[in-house]
Structures are given as C-alpha cells and as structure tokens.
Amino acid sequence: MNRARLFVISAPSGCGKGTVLSRAFENRPVFYSVSYTTREKREGEEEGKQYHFIDRRRFEKMIEDRDLLEYARYVDNYYGTPKLPVVENLARGNDVILEIETEGAFQVKKSYPDAVLVFILPPSLEALYERLKARGTEDDATIRKRVSKALDEIKHSYRYDYAILNDDLDTAVKDLLEIVDSERNEQTALRHSTKEDDAVKLIEKVILDAKTSSLSNLEK
Ligand code: 5GP
C-alpha cells in the first residue's frame with residue numbers, strides 16, 4: 001500500500017544536492033516545499049522558485065505567528081519551512097520533499113516521527129570547498145564558514161535514517177530513488193539493515209579525510 005510520505009533531505013551546501021534532487025524527482029508528482037530565507041538572492045535565483053526571500057523582521061513575524069514547521073539559522077541567515085503547504089499536501093496524499101539543514105531536520109522528525117531523513121554526503125570536504133569556490137557566489141571567508149558548518153552537519157548525519165554518497169550522480173540518484181520507493185511501499189527493510197553499516201562507513205570516511213586534509217584547521 002502506498003501512503004504520502006515526508007522526505008527530509010539534507011546535504012552540505014555545494015554538495016550537488018540540487019542536481020540529485022531535480023534528476024530524481026523530475027518525473028514524479030511530489031510537492032517540493034519552497035522555504036523562506038533572509039539570505040541575499042544569488043544570481044540566477046528567482047523569488048518563489050528556490051526560496052521566498054524576505055527580511056529579518058518578516059521572518060521573525062512568521063516565527064511569532066507559528067507559520068513555520070521548522071526554522072534554523074545557517075551561516076548568519078534564517079531559513080524556514082512554511083507549515084501550511086506541507087500539511088495540506090500530505091493530507092491530499094502527495095509526497096513532500098523538504099531540502100533543509102540538520103537542525104531543522106531534527107525539529108521535523110520530532111513533530112513527524114514518520115518523516116524519512118536522508119543525508120547526501122560529499123565525496124570529501126575538499127571537493128565541497130572546490131565546488132563552492134568554482135560557483136563563485138561567496139567570498140573565501142564565507143566559503144570556509146560553510147565548509148566548517150558542513151563538517152558539523154556530517155557529524156550529525158549518524159542520526160539520519162539514510163546516508164548516500166554523491167560521488168557519481170547516476171548512483172546517487174538511483175540510491176535516493178531506491179530509498180523513496182522502499183519507504184513509499186512501507187517496505188522499510190532497507191532501514192537498519194546492512195545498508196546502515198555502509199552509511200556509517202561513508203560518514204566516518206568523510207570525517208576522517210577532513211582531519212588529514214588541508215581544511216583541518218577551519219575556523220569555527
Ligand atoms: P543555501 O544558502 O546554500 O541555499 O542553503 C543553506 C542551507 O540551508 C542548506 O543546507 C539548505 O538545505 C538549508 N535550508 C534551506 N531551506 C531551509 C529551511 O527551510 N529550513 C532549514 N532548517 N534549512 C534550510
């Protein structure tokens with residue numbers, strides 16, 4: 001039997017999560033939640049597409065009015081998920097995808113224990129740093145803050161239901177769809193199976209590599 005599920009997908013920024021998600025869900029009728037944020041719009045971003053861009057005062061009003069399902073601060077800015085569209089879509093039987101960071105993911109898991117938490121790992125922190133540099137949308141200090149934050153998030157990813165590696169795009173998309181399909185069909189056999197050991201090994205490898213890499217002394 002199929003039922004609507006809430007999928008929470010996290011990945012450090014610059015990890016290629018956007019590409020994995022758009023490839024995985026391009027032909028699937030899922031509801032993709034659009035978050036609110038106080039960060040500046042990047043070149044190429046459009047209001048209402050990647051985010052709703054609002055100022056801090058409006059964001060704090062949304063917190064006060066309890067309009068957000070979850071929210072967090074991430075490298076100097078607020079990000080939050082509007083509650084109503086998520087609740088409505090789940091009620092209509094649509095799968096919902098939230099693309100949010102770890103703190104918000106754990107808040108969602110508290111209010112929706114059935115939510116499925118998936119973490120997308122970068123091949124290494126250095127790969128992440130290089131990708132953010134190549135993107136060219138932030139200065140070096142901000143990039144370093146983001147990479148440092150990424151390491152923190154990776155350390156929390158042990159608490160996720162699944163971790164997948166975005167080394168090869170096709171494999172990452174296939175892994176994600178395998179998780180989604182198995183969860184939608186209530187065959188939760190993948191969870192807490194040998195897959196879990198693989199995930200833990202992946203997480204440990206990225207953390208270990210980070211300790212010996214040129215980014216090991218990132219400022220907090
Ligand atoms: P970026 O500035 O690179 O677009 O996003 C920074 C981080 O904020 C990413 O990890 C992204 O997944 C996360 N994020 C985006 N929207 C939300 C949200 O609504 N809530 C939370 N908690 N995190 C979000």
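Just so you know, ligand 1 is whichever comes first in the structure, and atom 1 is the first atom listed for that ligand.
Not a single heavy atom of E103 sits closer than 4.0 Å to an atom of ligand 1. Under a 4.0 angstrom heavy-atom cut-off, Q107 registers as lying outside contact with ligand 1. Q50 does not count as a contact of ligand 1, since none of its heavy atoms falls under 4.0 Å from the ligand. Ligand 1 is approached by A11 to a heavy-atom distance shorter than 4.0 Å.
Taking the six-membered ring for Trp and thresholds of 30 and 60 degrees, F59 and Y78 have nearly parallel ring planes, at less than 30 degrees apart.
Between R135 and ligand 1, a contact under 3.5 Å exists for no N or O pair. Here's the thing with E153: none of its N/O atoms is less than 3.5 angstrom from an N/O atom of ligand 1. Checked against a 3.5 angstrom limit, the closest N/O atoms of E101 and ligand 1 fall inside it.
Regarding atom 19 (O) of ligand 1, its nearest protein heavy-atom neighbour is S35 OG, 2.6 Å. Protein heavy atom in closest approach to atom 3 (O) of ligand 1: R146 NH1, 2.9 Å. Protein heavy atom nearest atom 15 (C) of ligand 1, with residue, atom name and distance: Y51 OH, 3.2 Å. In this structure, atom 9 (C) of ligand 1 lies nearest to the protein heavy atom K17 NZ, 3.7 Å.
Listed by atom number, the atoms of ligand 1 under 4.0 Å from A72 heavy atoms are 22 (N). Ligand-side atoms of ligand 1 in range of G80: 18 (C), 19 (O), 20 (N), range being under 4.0 angstrom from any heavy atom. Close approach of ligand 1 to R39 (heavy-atom distance below 4.0 Å) involves ligand atoms 1 (P), 2 (O), 4 (O). Those atoms of ligand 1 that come under 4.0 Å of a heavy atom in E70, given as number and element, are 18 (C), 19 (O), 20 (N), 21 (C), 22 (N).
Without hydrogens or angle criteria, R42 side chain to E45 main chain gives no donor-acceptor distance under 3.5 Å. Panel note: side chain N94, backbone V30; no donor-acceptor pair is recorded below 3.5 Å. In this structure, K109 contributes its side chain and A115 its backbone to a donor-acceptor pair below 3.5 Å.
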Trace of the salt bridge (charged side-chain N to carboxylate O under 4.0 Å, His left out) decision for E126 with R131
CA-CA 9 Å; E126 272 164 341; R131 278 191 71 128; over 6 Å; no
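Between the side chains of E153 and T102, a donor-acceptor pair is found at a separation under 3.5 Å. In this model, a donor atom of one side chain and an acceptor atom of the other lie less than 3.5 Å apart for Y162 and E183. Side chain to side chain, Y160 and S10 meet the donor-acceptor criterion of an N or O pair below 3.5 Å.
Counted within 6.0 Å of CZ on R28, heavy atoms from surrounding residues, nucleotides or ligands total more than 12; the atom is thus considered enclosed. More than 12 heavy atoms of other residues, nucleotides or ligands shown are found within 6.0 angstrom of CD on E26.
Residue contacts with ligand 1 for Y79 involve both N, CA, C or O and side-chain atoms from C-beta outward (heavy atoms, distance under 4.0 Å).
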